[in-house]
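Quick notes on the structure that follows.
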Amino acid sequence: QVQLVESGGGLVQPGGSLRLSCAASGFTLDYYAIGWFRQAPGKEREGVSCISSSDGSSYLVDSVKGRFTISGDNAKNTVYLQMNNLKPEDTAVYYCAADAAYGSSCLDRPLEYEYDYWGQGTQVTVSS
């Protein structure tokens with residue numbers, strides 16, 4: 001009964017902010033890596049960010065560095081993606097996913113095949 005639930009998406013104007021949440025149940029985030037992925041209309045799913053409780057590592061792709069921040073609250077079993085200065089090209093369905101491999105770290109762009117459990121996605125639309 002592992003479950004991941006994303007929330008916090010919505011419609012914002014360019015330059016606006018959103019905070020996405022990924023709430024985990026059926027397991028704790030200890031020793032898991034949590035990745036954020038997004039899929040824009042007509043595009044393939046791409047990794048955006050990840051964070052690991054096992055070694056404290058985290059990663060952001062270049063296109064979102066300086067604008068997005070990933071963080072975790074282990075007491076709430078939740079990972080957040082704070083998105084500031086949003087751009088139209090950030091429009092996508094955002095998914096969180098869990099890598100159950102023991103000792104996983106986040107040193108590079110998260111890859112879809114590395115992740116075992118997925119949320120249902122939350123829509124982020126950035127438009128005037």
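Bear in mind that the values here come from a model prediction, so they are computed numbers and not experimental data.
Among all heavy-atom pairs drawn from Cys50 and Ile70, the shortest one is C-CD1, 3.6 Å. Residues Tyr115 and Pro110 share a closest heavy-atom pair of OH-CB, 3.6 Å.
At least one donor-acceptor pair under 3.5 Å links the side chain of Thr91 to the backbone N or O of Val126. The backbone N or O of Gly121 lies less than 3.5 Å from a partner atom in the side chain of Glu6, making a donor-acceptor pair. Side chain of Ser49 to backbone of Tyr59: a donor-acceptor contact under 3.5 angstrom is found.
Ala24 meets the side-chain contact (heavy atoms from CB on, under 4.5 Å) test with Leu4, Phe27, Leu29, Asn77; sequence neighbours excluded. For Ser52, the side-chain contact (heavy atoms from CB on, under 4.5 Å) partners two or more places apart in sequence, or in a different chain, are Ala33, Ser54, Asp55, Ser57, Cys106.
With 3.5 Å as the limit, one finds a donor-acceptor pair spanning the side chains of Gln123 and Thr125. For the residue pair Thr78 / Asp73, no side-chain donor-acceptor distance below 3.5 Å is found, with atom types taken as modelled.
A distance of 9.0 Å separates OH in Tyr94 from CG in Leu18, rounded to the nearest 0.5 Å. A distance of 6.0 Å separates CD in Glu114 from CG in Asp99, rounded to the nearest 0.5 Å. In this structure, SG on Cys96 lies 9.0 Å from CG on Leu20, to the nearest 0.5 angstrom.
Side-chain contact check for Pro88 versus Ser127: every heavy-atom pair is 4.5 Å or farther apart. Considering only heavy atoms from C-beta on, Val64 comes within 4.5 Å of Val48 through its side chain. In this structure the side chain of Leu60 never reaches within 4.5 angstrom of the side chain of Arg67, judged on heavy atoms. With a 4.5 Å cut-off on side-chain heavy atoms, Asn84 and Ser17 count as touching. Between Val124 and Met83, the closest side-chain pair of non-hydrogen atoms falls below 4.5 Å. Side chains of Leu81 and Arg19 form no contact here, defined as non-hydrogen atoms less than 4.5 Å apart. Taking the side chain as every heavy atom from C-beta outward, Thr28 and Asn74 never approach each other to under 4.5 Å. Residues Tyr80 and Cys22 have side chains not in contact (no heavy-atom distance under 4.5 Å, counting atoms from C-beta outward).
The local environment of CD in Glu89 is crowded, with over 12 non-hydrogen atoms from other residues, nucleotides or ligands closer than 6.0 Å.
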- Query: Which is it for Thr122 and Val93 under the side-chain contact (heavy atoms from CB on, under 4.5 Å) test, yes or no, and what are the steps along the way?
  - Reply: CA-CA 5 Å; Thr122 186; Val93 177; over 6 Å; no

Report task. Using the side-chain contact (heavy atoms from CB on, under 4.5 Å) rule, take Gln13 and Ser128 through it: C-alpha gap first, then chi angles, then the decisive distance, then the call. Result -> CA-CA 5 Å; Gln13 294 185 345; Ser128 299; 5.6 Å; no

Handout entry: side-chain contact (heavy atoms from CB on, under 4.5 Å) between Glu46 and Arg109, worked out
Key = CA-CA 9 Å; Glu46 64 172 354; Arg109 179 190 294 270; 3.9 Å; yes

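At least one cation-pi condition fails for Arg38 and Tyr95: the charged atom is not both under 6.0 angstrom from the six-membered ring centre and inside a 45 degree cone around its axis.
In this structure, Val2 is a member of the same hydrophobic cluster as Tyr32, with clusters built from ILVMFWY side-chain heavy atoms closer than 4.5 Å.
Taking the six-membered ring for Trp, Phe37 and Trp118 have ring centres closer than 6.0 Å.
We find that Lys65 and Asp62 are joined by a salt bridge, their nearest charged nitrogen and carboxylate oxygen being less than 4.0 Å apart.
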